[in-house]
There are 2 protein chains.
Amino acid sequence: MKLTSKGRYAVMALVDLARFDTINPVSLRDISLRQGISLDYLEQIFSKLKKNQIVKSTRGTQGGYILSKKPNEIKLNNILNAVDEKVKTVQCKKESKKGCNGRATKCVTHNLWDELETHINTFFEKKSLQDLLKDNSERVN
Amino acid sequence: MKLTSKGRYAVMALVDLARFDTINPVSLRDISLRQGISLDYLEQIFSKLKKNQIVKSTRGTQGGYILSKKPNEIKLNNILNAVDEKVKTVQCKKESKKGCNGRATKCVTHNLWDELETHINTFFEKKSLQDLLKDNSERVN
DNA sequence: ACATACCTGACTAAAATGGTCAAGTTTAGA
DNA sequence: TCTAAACTTGACCATTTTAGTCAGGTATGT
Ligand code: FES
Ligand code: FES
């Protein structure tokens with residue numbers, strides 16, 4: 001059970017953005033350099049963040065990205081969903097009556113994993129970008 | 001962020017075992033049929049469960065596996081660790097002072113992921129096989 | 001003896017991951 | 001108006017992980 005780089009990078013990049021977008025839009029190039037993330041990969045990630053209205057972009061020279069909401073309104077949940085880093089613990093389709101392995105009934109562990117999913121999502125719903133900013137306010141990089 | 005089949009199967013198989021091992025050892029063949037898991041794959045999984053003293057085996061005809069502890073003493077935590085389904089949220093080595101991406105300091109999201117890891121592990125430490133048995137006591141399969 | 005069931009290790013097809021690369025379009029500023 | 005910075009899109013790819021399979025064993029109750 002592990003987190004992928006895409007989700008990790010998305011959050012890192014947005015924390016960076018939240019710190020520096022107060023005056024001018026921030027270019028991906030800057031984020032790439034500060035956070036050590038491949039520029040090309042960042043572009044893929046921000047394309048998704050934009051589609052999900054988490055960031056806004058300005059093209060051209062001096063362009064870049066800014067947050068489209070206040071940091072305390074952006075929950076980790078929103079970020080991770082945007083980049084398809086969904087929490088998926090059950091194997092089956094939740095809505096279906098059928099179980100995993102194509103069985104007719106839900107398996108013996110179904111309820112357990114479903115509880116776990118809720119447990120994790122609760123964590124993500126509570127945490128906002130703002131919380132992360134506080135947590136790192138002393139740091140400079 | 002997702003759970004792999006290995007962890008899922010391990011828990012499924014142990015719930016099955018906990019139900020049926022009261023009289024005789026349970027053969028992997030039976031578990032395979034009841035739970036719809038490949039026999040060969042189960043063997044790999046049980047090899048690890050045995051190494052971690054979660055199950056005991058009896059060879060030969062009428063052989064099979066039994067739990068080596070009571071269901072309320074076996075936490076999900078123990079099971080998942082045994083089959084290497086570890087929760088891994090941080091990218092960096094936790095002990096090291098260095099951050100991920102080979103940076104000199106911990107990244108801006110390090111604390112967050114570390115909290116998440118604790119959050120999830122707490123869930124696994126609280127849940128025992130016994131809890132799952134209760135949860136499914138009405139079910140027959 | 002022989003069937004049953006555990007045991008071990010090597011192998012592999014398919015999917016996911018973590019990117020790279022190429023070819024644009026848009027726009028600020030000189 | 002020219003140009004460079006920066007966003008945009010889509011294809012491509014190497015590596016790793018996953019979820020098994022396969023081919024041999026070895027032990028033991030009947
Ligand atoms: S996980 Fe839903 S039925 Fe098994
Ligand atoms: S996750 Fe530990 S430094 Fe980034």
Side-chain angles (χ1 to χ4, degrees), chain A residues 1-13 17 20-21 24-52 54-66 68 80 83-88 91 100-102, chain B residues 1-13 17 20-21 24-52 54-66 68 80 83-86 88-89 91 100-102:
Chain A
M1 178 147 218
K2 64 173 195 244
L3 207 69
T4 68
S5 288
K6 205 187 310 193
R8 209 192 319 274
Y9 287 166
V11 178
M12 283 174 74
L17 198 55
F20 293 100
D21 79 345
N24 292 316
V26 179
S27 72
L28 293 189
R29 193 161 172 283
D30 287 353
I31 297 178
S32 165
L33 291 172
R34 276 196 294 262
Q35 305 296 330
I37 304 170
S38 146
L39 176 59
D40 286 313
Y41 202 24
L42 270 179
E43 282 173 346
Q44 286 180 42
I45 293 169
F46 271 76
S47 152
K48 297 187 181 201
L49 292 174
K50 194 188 173 188
K51 272 193 197 112
N52 285 268
I54 292 174
V55 296
K56 278 187 278 199
S57 66
T58 318
R59 301 181 79 152
T61 317
Q62 302 301 317
Y65 289 90
I66 55 170
S68 60
L80 297 175
V83 297
D84 305 313
E85 179 83 14
K86 302 229 177 74
V87 176
K88 164 141 176 98
Q91 174 77 349
C100 46
N101 296 11
Chain B
M1 178 146 217
K2 64 173 195 243
L3 205 68
T4 68
S5 288
K6 206 190 306 196
R8 208 191 320 273
Y9 288 167
V11 178
M12 282 174 74
L17 200 53
F20 292 100
D21 80 343
N24 293 315
V26 179
S27 72
L28 292 188
R29 193 160 174 283
D30 286 353
I31 297 178
S32 166
L33 291 174
R34 274 196 295 261
Q35 304 296 330
I37 304 169
S38 142
L39 175 59
D40 285 314
Y41 201 24
L42 271 180
E43 280 173 347
Q44 285 180 43
I45 292 170
F46 271 75
S47 152
K48 297 190 178 194
L49 292 175
K50 193 189 173 184
K51 272 192 196 111
N52 285 269
I54 292 175
V55 296
K56 278 187 280 199
S57 65
T58 316
R59 302 181 79 151
T61 316
Q62 301 302 317
Y65 289 91
I66 56 171
S68 60
L80 297 175
V83 297
D84 305 314
E85 179 82 15
K86 303 230 177 72
K88 165 143 175 92
T89 54
Q91 176 77 348
C100 46
N101 296 8

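The CD1-P distance, from A:Ile45 to D:dT8, rounds to 15 Å in whole Å. D:dA5 atom C1' lies 11 Å from atom CG of A:Asp30, rounded to whole Å. Remark: C1' of C:dA3 and CZ of B:Arg29 are 12 Å apart, rounded to the nearest angstrom. A straight line from CG of B:Leu17 to P of C:dA5 spans 14 Å, rounded to a whole angstrom. A straight line from CG of B:Leu42 to P of D:dG20 spans 10 Å, rounded to a whole angstrom. Straight-line distance from the CG atom of B:Leu39 to the P atom of D:dA19: 18 Å, rounded to whole Å. Going from atom NZ of B:Lys6 over to atom C1' of D:dT16 covers 14 Å, rounded to whole Å. As a whole-Å value, the separation of B:Asn24 CG from C:dA5 C1' is 14 Å.
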- Task: Run the numbers on B:Leu49 and B:Tyr65 for side-chain contact (heavy atoms from CB on, under 4.5 Å), then give the verdict.
- Result: CA-CA 10 Å; B:Leu49 292 175; B:Tyr65 289 91; over 6 Å; no
- Between B:Thr4 and B:Glu85, is a side-chain hydrogen bond (donor to acceptor under 3.5 Å, both in side chains) present by the stated rule, with each step listed? CA-CA 8 Å; B:Thr4 68; B:Glu85 179 82 15; 2.3 Å; yes
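Between A:Tyr41 and A:Tyr9, the two ring planes are perpendicular [angle over 60°; tilted spans 30° to 60°].
When the nucleotides D:dG20, C:dG29, D:dT18 are ranked by their closest atom to the side chain of B:Thr4, D:dT18 comes out on top. Candidate nucleotides D:dC7, D:dT8, C:dG18 were compared by shortest atom distance to the side chain of A:Lys50, and D:dT8 ranks first. The B:Glu43 side chain lies nearest to C:dC7 when the options are D:dA6, C:dC7, D:dT9. The side chain of A:Tyr41 sits closest to C:dT20 out of C:dA3, C:dT20, D:dA5.
In this structure, NZ on A:Lys88 lies 11.5 Å from CE on A:Met1, to the nearest 0.5 angstrom. Rounding to the nearest 0.5 angstrom, the gap separating the CD1 atom in A:Ile54 from the CG atom in A:Leu17 is 11.0 Å.
Among the atoms of the strands shown, only primed sugar atoms or phosphate atoms (P, OP1, OP2) are found under 4.0 Å from some heavy atom of A:Val26. If you check every strand for non-hydrogen atoms under 4.0 Å, A:Tyr65 touches sugar and phosphate atoms only.
Both B:Gly60 and A:Asp40 sit near DNA chain C, but only B:Gly60 has its closest nucleotide nearer the 5' end. Residue A:Thr61 is the one, among A:Thr61 and A:Met1, whose nearest nucleotide of DNA chain D lies closer to the 5' end (criterion: closest heavy atom). Mapping B:Gln91 and B:Gly63 onto DNA chain C by nearest heavy atom places B:Gly63 at the nucleotide closer to the 5' end.
A sub-4.0 Å separation between OP1 or OP2 of C:dT20 and a side-chain N or O of A:Ser38 is present. The side chain of A:Tyr9 places an N or O atom within less than 4.0 Å of a non-bridging phosphate oxygen (OP1 or OP2) of C:dG19. Distances shown here put every side-chain N or O of A:Ser57 at or beyond 4.0 Å from the OP1 or OP2 atom of D:dC7.
Atom CD of A:Glu43 has more than 12 neighbouring heavy atoms from other residues, nucleotides or ligands inside a 6.0 Å radius.
B:Arg59 contributes no side-chain N or O that forms a donor-acceptor pair with the base of C:dT4 under 3.5 Å. Side-chain N/O atoms of B:Gln44 and base N/O atoms of D:dT21 include a donor-acceptor pair closer than 3.5 Å.
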